[in-house]
Amino acid sequence: MANESLNTAGQTEEVRSNKLTFEDQVIKKIAGIASNEVQGILSMSGGFMSGLTDRLRSTEDITKGVGAEVGERQVALDLRVIVEYGKNIPSIFQETVAKIKKAIGDMTGLEVVEVNMHVEDVMTRAEFEAKSKNNEAAEEKTSRELK
């Protein structure tokens, strides 16, 4: 909370200002949900370590693959995605940027000044679904072994 002192005609007065802040995780979640609404993005990708932790958890983290730098008035985002083969990636990128800017702007009032999207892989929908089923089976086996 910011405190300022004003000296008016020899008197000291405290002026307090209100402040609204957001955890980085909140901004990442909004961006992740908005990105998942874009046709052509099969998944957000968090790299090797994120994949390991996802196998140990029963639910997928919506913030996986989203990095955020949050200031008092502005946000910069880095996305790591897997895109569906045959789709127009520049169009997907433009739609993703538009959806994220709208969602974050409407919900938080923050300005999204930068969105960087790194395409980590391109897969057919069938290939992605097969890989997802294999990951689910491995996750189930790991959770049984941990019990």
Side-chain angles (χ1 to χ4, degrees), residues 1-123 125 127-129 131-136 138-140 142-143 146-147:
M1 196 178 262
N3 291 332
E4 296 178 13
S5 294
L6 294 178
N7 195 347
T8 331
Q11 295 177 348
T12 304
E13 247 181 74
E14 260 189 48
V15 177
R16 297 184 187 269
S17 63
N18 300 319
K19 187 175 184 179
L20 175 63
T21 59
F22 299 92
E23 287 290 331
D24 290 2
Q25 198 69 8
V26 172
I27 302 304
K28 289 179 182 181
K29 190 170 188 176
I30 295 169
I33 291 169
S35 297
N36 282 333
E37 294 174 355
V38 176
Q39 293 294 317
I41 293 181
L42 294 173
S43 177
M44 303 300 284
S45 177
F48 179 71
M49 288 308 290
S50 179
L52 280 178
T53 56
D54 278 348
R55 286 188 192 111
L56 298 175
R57 286 184 284 190
S58 59
T59 58
E60 187 174 324
D61 183 7
I62 194 74
T63 64
K64 180 179 80 168
V66 182
E69 290 182 34
V70 182
E72 287 188 26
R73 293 187 179 100
Q74 297 178 326
V75 176
L77 296 164
D78 292 315
L79 310 175
R80 301 178 85 71
V81 300
I82 297 172
V83 176
E84 186 175 355
Y85 176 79
K87 302 292 183 179
N88 184 301
I89 296 172
S91 295
I92 291 169
F93 175 64
Q94 293 304 322
E95 183 181 349
T96 303
V97 171
K99 284 188 182 268
I100 287 174
K101 283 185 173 186
K102 181 169 178 18
I104 289 176
D106 289 351
M107 292 181 71
T108 67
L110 296 173
E111 176 189 11
V112 178
V113 294
E114 182 179 339
V115 177
N116 300 305
M117 187 168 90
H118 177 73
V119 179
E120 288 196 346
D121 202 352
V122 177
M123 296 181 174
R125 185 161 294 278
E127 182 183 12
F128 177 75
E129 288 171 359
K131 185 177 178 182
S132 295
K133 285 180 185 174
N134 288 341
N135 285 346
E136 285 175 18
E139 186 177 301
E140 190 175 305
T142 304
S143 72
L146 292 174
K147 289 181 182 176

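The shown structure was predicted, so the numbers you read here are calculated from the model rather than taken from an experiment.
For the atom pair NZ (Lys99) and CG (Asn36), the distance works out to 11.0 Å, reported to the nearest 0.5 Å. A distance of 10.0 Å separates CD1 of Ile33 from OG1 of Thr63, quoted to the nearest 0.5 Å. Taking NZ from Lys131 and CG from Asp121, the interatomic distance works out to 6.0 Å, rounded to the nearest 0.5 Å. Taking OG1 from Thr21 and CG from Leu110, the interatomic distance works out to 10.0 Å, rounded to the nearest 0.5 Å. Note that NZ of Lys28 and CG of Leu77 are 10.0 Å apart. Values are rounded to the nearest 0.5 Å. Separation of atoms CD1 (Ile41) and CD1 (Ile89) is listed at 10.0 Å; rounding is to 0.5 Å.
In terms of the side-chain contact (heavy atoms from CB on, under 4.5 Å) criterion, residue partners of Asn88 (sequence neighbours excluded) are, by chain and number, Pro90, Ser91.
Looking at heavy atoms from C-beta onward, Leu79 lies in side-chain contact with Ser35 at the 4.5 angstrom threshold.
Every pair passing side-chain hydrogen bond (donor to acceptor under 3.5 Å, both in side chains) that includes a residue from residues 101-119 is listed here, sequence neighbours excluded: Gln74-Glu111, Asp78-Asn116, Lys102-Asp106, Glu114-Asn116.
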Q.
What verdict does the side chain to side chain contact (heavy atoms under 4.5 Å, CB included) test give for Gln39 and Lys87, after you've listed the backbone C-alpha separation in whole Å, the side-chain angles of each residue and the deciding distance to 0.1 Å?
A. CA-CA 9 Å; Gln39 293 294 317; Lys87 302 292 183 179; over 6 Å; no
Q) Which is it for Val26 and Val70 under the side chain to side chain contact (heavy atoms under 4.5 Å, CB included) test, yes or no, and what are the steps along the way? A) CA-CA 10 Å; Val26 172; Val70 182; over 6 Å; no
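Glu127 approaches Met123 most closely through the heavy-atom pair OE1-CA, 3.4 Å. Here the shortest heavy-atom pairing between Met117 and Thr96 reads SD-OG1, 4.4 Å. What you find for Phe22 and Ile27 is that their closest heavy atoms are CB-CD1, 4.1 Å. The two residues Lys64 and Ser45 come nearest to each other via the heavy atoms CG-C, 4.2 Å. Contact detail for Glu120 and Arg80: the closest heavy-atom pair is OE2-NE, 2.5 Å.
A side-chain contact (heavy atoms from CB on, under 4.5 Å) with Val66 is found for exactly one of Lys29, Gln25, Met44, namely Met44.
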